[in-house]
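Structure record follows, encoded as structure tokens.
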There are 2 protein chains.
Amino acid sequence: MTNIILSKSEENYLKSIYNLSDSGNKIVTTNSISKILNIEPASVTDMIKKLSKKKLIYHEKYKGTKISKNGIIVALQIIRRHRLWEVFLYEKLNFNWDEIHEVAEELEHVSSDQLIDNLDKYLKYPKIDPHGDPIPNKLGEVDFVDKISISDLKIKEKGIVSRIVNEDEGFFNLLNKLKIEIGTEVTILDKIDYDGSLDVLINNKSVIISKEIAENIKITKI
Amino acid sequence: MTNIILSKSEENYLKSIYNLSDSGNKIVTTNSISKILNIEPASVTDMIKKLSKKKLIYHEKYKGTKISKNGIIVALQIIRRHRLWEVFLYEKLNFNWDEIHEVAEELEHVSSDQLIDNLDKYLKYPKIDPHGDPIPNKLGEVDFVDKISISDLKIKEKGIVSRIVNEDEGFFNLLNKLKIEIGTEVTILDKIDYDGSLDVLINNKSVIISKEIAENIKITKI
DNA sequence: AATTATTTTTAGATAAACCTAAATTAAGGC
DNA sequence: GCCTTAATTTAGGTTTATCTAAAAATAATT
């Protein structure tokens, strides 16, 4: 129970490094962190030194950054807080799917274990957030995440929508229009060779969706 | 709708200045701010200059600080956020009376109007927080607050407990023991001249409470 | 392989929010 | 009304998190 206290900035960097690392497997470049956080590379280098000293990441000059075991644990707690707040905002405060991220980004930095544990209980220990992303439990354990997109299905195959990767408003409006949400069943009717578009059966209606969109909708094959 | 964005520090100073000013009426000293925030007077002077420049307070060198009209409005919004979160923590997350303050102190700085308005609605527009303090509405309007304490009652007079001023755990435990909460009826049976203690009838039981305790429990006379 | 381009790091600066020590002003006691 | 004390402010310093500009290392291209 090494309860390290991090600043808001440190938390944001660590979370970003975790997210860029593909669950801790990949080495993350200084530039990629810089881009995602909109902070100059020079500043990123500074923070990398700081997090290295705290043993949350490993870093070799000019060779990129790897998140440590401990770093992963801490990052998952930040992600846990973020996603629990997203559930709260969506289910209890009636926020839209595309409005929750920004506010959760602030709320996640309020670090009280009692707050998060009671919130978790209050929300009845949700397993996924409104985008379908899994919520780590108190111990940092995370459920399996579907990595298959609609675009990975073959003709006549079926799937259940499990996760939405994109977070912006336009995408949200499209999903709304198509009545796609977590749990919706989809069946591939046809694949258009020309640009990779898909003809998909959703709610008993055939619709054409672009390859890009299809890639952003993860599913469980059935 | 001049929506000034303040840092967490600035918000804390402004809130403290408002609280020390008796609803904006009194002039606040640098030292009193220093004491309440546990920050050196020299640092307080720095921040006073900053808030002055933003026209949230008026300040004359060596002569103290007065909160401005605009400062009051901003302060009341911070207080609104704080108290709404207290209601949430107490009613929904089952926090104890003495545990809510600290966490609300962090949550109050998450400044999203949508968040606060929806939270307000979700909590059914509460008028008071768990300590009995009034919650300013969206426009900064605050209900009248009882300024009479149990210690102000005369023998045989009755009151309804409306507000608890003290926030610490020991005091909370005492109230618990005496079964005093917001809404409890009290009747003065006797006043002990020696130290100002009071003999009070609470839940059909006579109990002796010290003058200090009696001063921390505000009531509505009936 | 040499040169160019890109990435990363270093060096030095800035703003915010603190601090300590010293100087200034106001207030209280006699 | 002077003098001591207390309150307040100024001056200068520190830490955190950022920046720009320049240097160093790595990667890409011819």
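In this text the structure is predicted, and so the values were computed from the model without any measurement.
- Per the geometry, CG belonging to N12(A) stands 9 Å off P belonging to dT18(D), to the nearest Å.
- No more than 12 heavy atoms of other residues, nucleotides or ligands lie within 6.0 Å of NZ in K211(B), so this atom counts as exposed by the packing criterion.
- As judged by a 4.0 angstrom heavy-atom cut-off over every strand, T45(A) is placed among the base-contacting residues.
- What separates CG of D46(A) from C1' of dA13(C) is a distance of 12 Å, to the nearest Å.
- In this structure, I27(B) atom CD1 and dA26(C) atom C1' are separated by 14 Å, rounded to whole Å.
- H59(B) has no side-chain polar atom (N or O) that falls below the 4.0 Å cut-off from OP1 or OP2 of dT8(D).
- Around CG of D193(A), the count of heavy atoms belonging to other residues, nucleotides or ligands within 6.0 Å does not exceed 12.
- Taking every heavy atom of both residues into account, G24(B) and S21(B) meet most closely at N-OG, 2.6 Å.
- In this entry the distance linking CG of L51(B) with C1' of dA16(C) reads 13 Å, nearest Å.
- Side-chain proximity of E40(A) to dC19(C), dT18(D), dC19(D): nearest is dC19(D).
- Note on T30(B): only backbone sugar-phosphate atoms sit closer than 4.0 angstrom, heavy atoms only; bases stay farther off.
- When the P atom of dT16(D) is taken as reference, atom CE of M47(A) falls 10 Å away, rounded to whole Å.
- Remark on DNA chain D: of its neighbouring residues K63(A) and A42(A), the 5'-side contact belongs to A42(A), judged by nearest-heavy-atom nucleotide.
- Across all strands, S43(B) comes closer than 4.0 Å to base atoms (heavy-atom distances).
- Between S9(B) and dA16(C) there is no side-chain N or O to OP1 or OP2 distance below 4.0 Å.
- Look at CD1 on I39(B): it is 4 Å from P on dC18(C), rounded to the nearest Å.
- Counting any heavy atom pair closer than 4.0 Å across all strands shown, K49(B) reaches sugar-phosphate atoms only and no base atom.
- Regarding I48(B), its CD1 atom lies at a distance of 8 Å from the P atom of dT8(D), rounded to whole Å.
- The residue among V28(B) and Y62(A) whose nearest nucleotide of DNA chain D is located toward the 5' end is V28(B).
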query: What's the verdict on side-chain hydrogen bond (donor to acceptor under 3.5 Å, both in side chains) for T29(B) and N31(B), showing C-alpha distance, side-chain angles and the deciding distance?
result: CA-CA 5 Å; T29(B) 66; N31(B) 249 352; over 6 Å; no
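- Contact annotation: K61(B) reaches the phosphate of dT10(D) (side-chain N/O to OP1 or OP2, under 4.0 Å).
- Checking dT18(D), dT8(C), dC18(C) against every side-chain atom of N31(A), the shortest atom distance belongs to dT8(C).
- Each of L178(B), V200(B), L175(B) was compared with I217(B) under the side chain to side chain contact (heavy atoms under 4.5 Å, CB included) criterion, and only L175(B) meets it.
- The NZ-C1' distance, from K8(B) to dC18(C), rounds to 14 Å in whole Å.
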